[in-house]
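Here is the structure we will look at, set down as structure tokens.
Each chain gets a letter, A, B and so on, in the order its sequence line appears, and its residues count up from 1.
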2 protein chains.
Amino acid sequence: MRPKNLEKEQAIRTVALDIIAKEGLENLSMQKLAKAANVSPRTIYIKYENKEDFLVKLFINEVLEPYEQAVLKDFSEQMDFADGVKKIWMNTFQYLKNNRPAFAIIQYSKSSLLLNKAYQQQNIQQGQFFAPIHRFIAANIKAGTIKNFHFDVYRAMIFPVLLELVSEYFDYTERPKQIITEKVLLECCATVIKGIMK
Amino acid sequence: MRPKNLEKEQAIRTVALDIIAKEGLENLSMQKLAKAANVSPRTIYIKYENKEDFLVKLFINEVLEPYEQAVLKDFSEQMDFADGVKKIWMNTFQYLKNNRPAFAIIQYSKSSLLLNKAYQQQNIQQGQFFAPIHRFIAANIKAGTIKNFHFDVYRAMIFPVLLELVSEYFDYTERPKQIITEKVLLECCATVIKGIMK
DNA sequence: GTTGTAAGTAAATAAACGTTTACTTATTTT
DNA sequence: AAAATAAGTAAACGTTTATTTACTTACAAC
């Protein structure tokens, strides 16, 4: 039996992410992808049932999982609240800054019905995608460090700000002056923490 | 000369927003839209050059402009910082809560290359889309009420949080317990303000 | 009331889409 | 080295897409 060419499999995935980042998810067609990855359309369908299956697996395996790992790197639930948030904050920024395709597809997942569904399902199946952060927040509420808001509210107060700053970081990389510097980022983080802490 | 049927024009726009909210922008085709609005495809092309032209005008005229007006209702640059932010915050929430299609299309504009471009251009042509808020922030920096961050950074610290809360508000309307209440919203706003103010 | 004309329709167009068919290739097993 | 078989290809499939063509309708102007 002829063995699978893993390079081709990888090419399909990386080229797909590249097209999404450069031309948008709305402009990714299976034929375009096959051509760009130098394979026959049929080759994609050996591994993936259909386009939906491909996109969902691409999103979860190539983006969400590495993203979660990067966000939680060197983070511990036992950390001091401010330190913990700062760690997550800078981890997230570092990862997204160096993975524009990942950032692009994450942005799409906020509106695309398909990717949104995939995200919700992943969140349910894996228990919680950001379970350690959930427990971190819960512990700090119990300890009285922070107010008793629902976890989803805390999520809303931390991540969207940061994602918007990443978006601005990319916008400004094509302009004379970058305003999203590491200093600004840390000050923003401190601002958010100051608001949240009792 | 036969006069234009304004009802049909309006039907096209409202049906389009409805499809985007319910089935997603990725599932809006000109033929589906024409059928749902009970007109011939050709009728859409009397007023709009092509699909892109239609979507951009829909976004700007039916969504962004009413959105800006609603956000700035009863807001004044001379307001106290906390009062001003609270006013904008609650205006935005009220508007989006009652205009799910508007919220849906605004979410799409964060990722869709087409709508994103439209938003940027509108922002440039109209001077600044949220010019009064820009001046409000600038005045408060000058007065020393808040830190000297770039306007885009302040924008990132206020609006994305709120949009995420609106997203969660809609998520929770289909569940037993709504967590995004007016009380929570006001407390979140206070939290954000507390962080930002010196 | 006839006429001019833009509004509007139904059906058709070509291009692009996701996916499949019919076939060839490369490798392991015998 | 021949057989077996999944990997892979090129070309084609039937649909759906955005847009247009050829035609009809409804009203203002005369």
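Interatomic distance, Met30(B) CE to Lys51(B) NZ, rounded to the nearest 0.5 Å: 7.0 Å.
Residue Leu6(B) is classed as having no contact, given no heavy-atom separation below 4.0 Å to the nucleic acid.
Looking only at side-chain heavy atoms (C-beta outward), Ile133(B) and Leu72(B) come within less than 4.5 Å of each other. Proximity of Ser40(A) to Thr43(A): side-chain heavy atoms (C-beta onward) are separated by under 4.5 Å at one or more points.
In this structure, Phe136(B) has its ring center closer than 6.0 angstrom to the ring center of Phe81(B).
Of all non-hydrogen atoms in Val184(B) and Phe149(A), the two that sit nearest each other are O-CE2, 4.4 Å.
Of all nucleotides in DNA chain D, those with any atom nearer than 4.0 Å to a heavy atom of chain B start and finish, going 5' to 3', at dT17(D) to dA28(D).
Following rounding to the nearest Å, Tyr45(B) (OH) and dA12(C) (P) show an atom-to-atom distance of 18 Å.
Under the 3.5 Å distance criterion, with hydrogens and angles disregarded, a donor-acceptor pair is assigned to the side chains of Gln78(B) and Ser76(B).
Under the 3.5 Å distance criterion, the side-chain polar atoms of Lys32(B) are matched with a main-chain donor or acceptor of Asn27(B).
Toward the 5′ end of DNA chain D lies the nearest nucleotide of Asn5(A), the other residue of the pair Ser29(B) and Asn5(A) mapping further downstream.
Taken residue by residue, residues 30-42 of chain B places heavy atoms nearer than 4.0 Å to DNA chain D at Met30(B), Gln31(B), Pro41(B), Arg42(B).
Between Arg155(A) and Asp152(A) a salt bridge is recorded (basic side-chain N to carboxylate O distance below 4.0 Å).
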